[in-house]
Amino acid sequence: MKIKQAVIPVAGKGTRFLPATKEIPKEMIPIIDIPMIHYIVQEAIDSGIQQIIFVNSTNKESIENYFDRNYALEKFLEMNNKHKELELIQKIGTLVDIVSVRQKEQLGLGHAILTTERIIGKDNFAVLLGDDLIRGIQPCTGQLMKISETYGDNPVIGIMDVPKAEVSKYGIIDGTFVNGEKQTVIMKEMVEKPSPENTPTTWATPGRYILSGDIFEYLKKIKRGAGGEYQLTDAINMMCKSRSVYAHFFTGRRYDTGNIFGYFEATLNFALSDPRLKTYATELIKKLAKDLSSGKDHEV
Ligand code: G1P
């Protein structure tokens, strides 16, 4: 089954990035000069997605506007002979079909996904969470789509191994390998943010899912879970008890850009792979490392 729709929840308040997020949606904060949400949308497009459904909230319209045309700016660039910039922003405005739904109360990820039921209907769809950027040769969502096709169009959750001390930040899955390469798992259970003492495994999802339309039935059945919120994890846990749900160890490097440490790490790494900045960033890092190792205090 060809998956055409992807849901990207963007309704959160982004409090970990205050004060920047007082006026700017967290998703619009750039890594170098590209907003983080652009990377997520690009992953979906590179995976073959044709329509993005943002689950949005009030005061975050700039996310939708970013993916729309901006005729006043286009005119300005044209009149000033800035053809390269014009081409760049025209391209962003025509990347993909965008639909937006409002999550009027922030009651959790499960609740956010449920708001898209009318738009998704019964088809399989992808979910990408914006706090994790994943870069690799194959887009992560595309890898999960292939696994879903291989295993009877069933749901697939993207997973990675994390240190035991960190399991309480994630949805953790348990299951048994179905292939010799030890990459794909048939799921037995999924738990939201378990404690290290009680976790079934260290297999965590960074927020990449291929789901089937029946997830909405489970989302309607779940009660408030971890953090008092309606958790997608609880609906997937219910679902994997009554139908086949797989999990897959994707390949690619993942950055946890939901906090300032991961954001900083991503910025450094993206600079090192940006042809415009690579040499400059390399020399700068070497110089700073040299200064630091010779005990020189860093000047502000
Ligand atoms: C959400 C999900 C969790 C997942 C995580 C990935 O949690 O509920 O299962 O592992 O995203 O970033 P949040 O980080 O929004 O609390």
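What you see below is based on every heavy atom in this structure, not just the backbone, and it leaves out hydrogens, waters and symmetry mates. Counting starts at 1 for both ligands and their atoms, following the listed order.
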* Hey, is Lys2 close enough to Glu149 for a salt bridge, meaning N to O under 4.0 Å? -> no
* Asked: Are Arg276 and Asp33 ion-paired here, with the side-chain N under 4.0 Å from a carboxylate O?
  -> yes
* Protein contact to atom 9 (O) of ligand 1 [nearest heavy atom, distance to 0.1 Å] -> Glu192 OE1, 2.7 Å
* Knowing that exactly one of Ile8, Thr257, Ile63 qualifies, which makes a side-chain contact (heavy atoms from CB on, under 4.5 Å) with Glu27? -> Ile63
* Answer yes or no for Pro206: is there a heavy-atom contact with ligand 1 below 4.0 Å? => yes
* Number the atoms of ligand 1 from 1 as they appear, then name those within less than 4.0 Å of a heavy atom of Gln231, with their elements. => 8 (O)
* Over-ring placement of Arg135 relative to Phe270, 6.0 Å and 45° cut-offs -> yes
* Taking NZ, NE, NH1 and NH2 as the nitrogens, is one of them in Lys278 or Asp274 under 4.0 Å from a carboxylate oxygen of the other? -> no
* **Minimum-distance protein heavy atom relative to atom 12 (O) of ligand 1** => Asp132 OD1, 3.1 Å
* Asked: Would Arg243 and Asn154 satisfy side chain to side chain donor-acceptor pair (under 3.5 Å), going step by step from the backbone distance to the final call?
  -> CA-CA 8 Å; Arg243 65 166 292 170; Asn154 280 303; 2.6 Å; yes
* To do: Using distance alone, determine whether Gly171 and ligand 1 share an N or O pair under 3.5 Å.
  => yes
* Does at least one non-hydrogen atom of Asp131 fall below 4.0 angstrom from an atom of ligand 1? -> no
* **Contacts of type side chain to side chain donor-acceptor pair (under 3.5 Å), residue Glu105, not counting sequence neighbours** => none
* Asked: How far is atom 7 (O) of ligand 1 from its nearest protein heavy atom, and which residue and atom is that?
  -> Lys193 NZ, 3.2 Å
* Decide whether an N or O pair under 3.5 Å exists between Thr205 and ligand 1. => yes
* **Protein contact to atom 1 (C) of ligand 1 [nearest heavy atom, distance to 0.1 Å]** => Leu129 CD1, 3.9 Å
* Asked: Under 4.0 Å from any heavy atom of Thr233, which atoms of ligand 1 are there?
  -> 9 (O)
